[in-house]
Each structure stands twice: as C-alpha cells, then as structure tokens.
Amino acid sequence: MAKDDKNTPEDKSDRSEQVFMREVDDAVREDDLKNFGRRYGVWIGLAVVVGLASLAGWIFYNNSLDEESGVRSEEYVAAIDSVKRNNLDGASKALESLEGANQKGYQAAAKLMQANIALEKQDAKAAIAGYQAIVVDADLPEPFRDLALIRQTTAEFDTLKPQEVIDRLKSLAVPGNPWFGSAGEMVALSYLNLNKADLAGPLFAQLAKDDTVPPTIRSRALQMAGVQGIDAVELDTDGEISATATSADISASAASEGEAE
C-alpha cells in the first residue's frame, strides 16, 4: 500500500506543479537579466573598457618612467665624464635636457652642476644666480636646496655682511645637520667679524669635536677655538682624535713657528 501511495495522481500533480513553477521562476529571472542588460549593459561595458584602458595606461606610464630614468642617468653620467675631462662646455650642453626632467632629483642635480660649472669658469654672477634659483624652488628636494644655499653663501661670503651670513645659515649650523661643518664654520667666522668671540669660540669647539665634520674643517676649527682660549681636541693627519690640546699648547706652537720664521 505504501508503494502505491507514492504514485497517487495527487503526488504526480504536485510534482508537475513544482516543475512548472521552477520553469516560470527561471523564465522570470532570465527576463530580469535581459531587462538589466538592456538598461545597464552599455554602462557596464563602458566601465570595463575604461578600467582596462586605465590599467594599460598605468603600466605604460610606469614603463615610460623607468625608461626615462635610464636615459636621464646616462645623460648625467655623460656630463660628469665631461667635467672629469675638463670639457666644461660639453658638460653644460649635456645637462640642458636634464634641467627640464620630470624627476626632480635629476633636475636639481643638473642645475646645481650648471652653477658649479659657471663658478669653475670664473662666472661668479651666473653661478650665484644658479644657486639662488635652486634655493627658492620649493619643488626641488631639500638636500639640494640646502647644498645650493651653502654654495651660494660661500661664493658671496666676502661681499655679504656677517649678519646676513648668520641669518642664512644659522638653521644649518647645528650639530647633527649634514651641513654643520660648512655652515658652522661660516657662521663662526661671521661671529668673529661681529666681535662676538663668546659665540664664535664655542661653535669652533663644537666643530673641532664633531667627528662627522670633514677633517680639514675640524683642523681649522681646532686652531680657531684655541685662539679664542677654548680647549678642543687635536686631530692627527688621518682626521682621527689623537690628544687634548689646550689654548696654551696652540699658543706655544704658534710662537715656535713664529720664531722659526
């Protein structure tokens, strides 16, 4: 009887209705998709095309930058080689395209080298103008701008008032700054020119004791600190700290040199 119950006409009718409802549901969904496609298909296709185009453009742009960086690097190396061969005009010509480069680092380096070349050719006016242009260009990397300020001030040092030098370089003339050596020495000398030995002496002593400062500057600072009566450290010929030097030692050494002369 149980087997016969499963095959009753009522059960067959229910199964037929379920199949029919599924077919109707599928037809409705298909119709909805067609309507959605007709309404939004163009926009979806456009979005896909734009997305693919953007991706392709991004890949092309990055590849172009890599290629351009390689070209710029070769141009910069060529300019350096020309300078080494003392072909300053050739170096200047090679740098012209770099001055308009998209890469700010190459752009700043090229402008800085152009100013250096002008200074080497005894054209101080052009060199100073070149350094100044780098200093005021906020789009260029700060290390290049700071170096340009050092070079500009060095080129103008004899014509600037001591206070002008101090105002320009005081923010760089502090221990820990990469330009402490060059900036600190010029600031200390400017303090001396203003008869402010109480400020110049300690700054010279700081320079003499700072092992990040170039040995030549440390050696000069050691002597200047001693002249101001401040103890500092003495450097050997390799730029290493060798002993403590007092102002008396330096004075005695200076006196001996004077007698020898």
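The chain is numbered in sequence order, starting from 1.
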With rounding to the nearest 0.5 Å, note down the distance linking OG in S182 to CG in N177. 10.5 Å

Using side-chain contact (heavy atoms from CB on, under 4.5 Å) as the criterion, list what pairs up with A129, not counting sequence neighbours. none

Any chance NZ of K93 has more than 12 other-residue heavy atoms, nucleotides or ligands included, within less than 6.0 Å? no

Separation between NZ (K104) and CZ (F144), nearest 0.5 Å, reads 12.5 Å

T154: which residues meet the side-chain hydrogen bond (donor to acceptor under 3.5 Å, both in side chains) condition with it, sequence neighbours left out? none

Rounded to the nearest 0.5 Å, how far does CD1 of I150 lie from CE of M186? 4.5 Å

Could you pull out all residues at least two apart from S92 that satisfy side-chain hydrogen bond (donor to acceptor under 3.5 Å, both in side chains)? Q114

Could you pull out all donor-acceptor pairs under 3.5 Å where a side-chain atom in residues 199-207 meets a protein atom, sequence neighbours excluded?
none

Applying salt bridge (Lys or Arg N to Asp or Glu O under 4.0 Å), can you list everything that pairs with K196, at least two apart in sequence or on another chain? none

Scanning both residues in full, the closest heavy-atom pair of P162 with N193 reads CG-CB, 3.7 Å

Exercise answer: donor-acceptor pairs, residues 165-173 side-chain atoms, under 3.5 Å, sequence neighbours excluded:
{"from": "D167", "atom 1": "OD1", "to": "Q163", "atom 2": "NE2", "distance (Å)": "2.9"}
{"from": "R168", "atom 1": "NH1", "to": "T153", "atom 2": "OG1", "distance (Å)": "3.3"}
{"from": "R168", "atom 1": "NH1", "to": "E156", "atom 2": "OE1", "distance (Å)": "2.9"}
{"from": "R168", "atom 1": "NH2", "to": "E156", "atom 2": "OE1", "distance (Å)": "2.9"}

Residues two or more places apart in sequence or in another chain: which of them pass salt bridge (Lys or Arg N to Asp or Glu O under 4.0 Å) with D89? K121

I need the Q107 CD to D139 CG distance, nearest 0.5 Å. 8.0 Å

Qualifying residues under side-chain hydrogen bond (donor to acceptor under 3.5 Å, both in side chains), relative to E185, sequence neighbours excluded: R220

Value rounded to 0.5 Å, distance of CG in D198 from CD in Q228: 9.5 Å

By side-chain contact (heavy atoms from CB on, under 4.5 Å), D158 pairs with (sequence neighbours left out) none

Rounded to the nearest 0.5 Å, how far apart are CG of D123 and CD1 of I128? 9.5 Å

Listed partners of L147 passing side-chain contact (heavy atoms from CB on, under 4.5 Å), at least two apart: L112, R151, W179

With sequence neighbours excluded, residues passing side-chain hydrogen bond (donor to acceptor under 3.5 Å, both in side chains) with E164: none

Salt bridge (charged side-chain N to carboxylate O under 4.0 Å, His left out): pairs with one or both residues in residues 141-150, sequence neighbours excluded: none

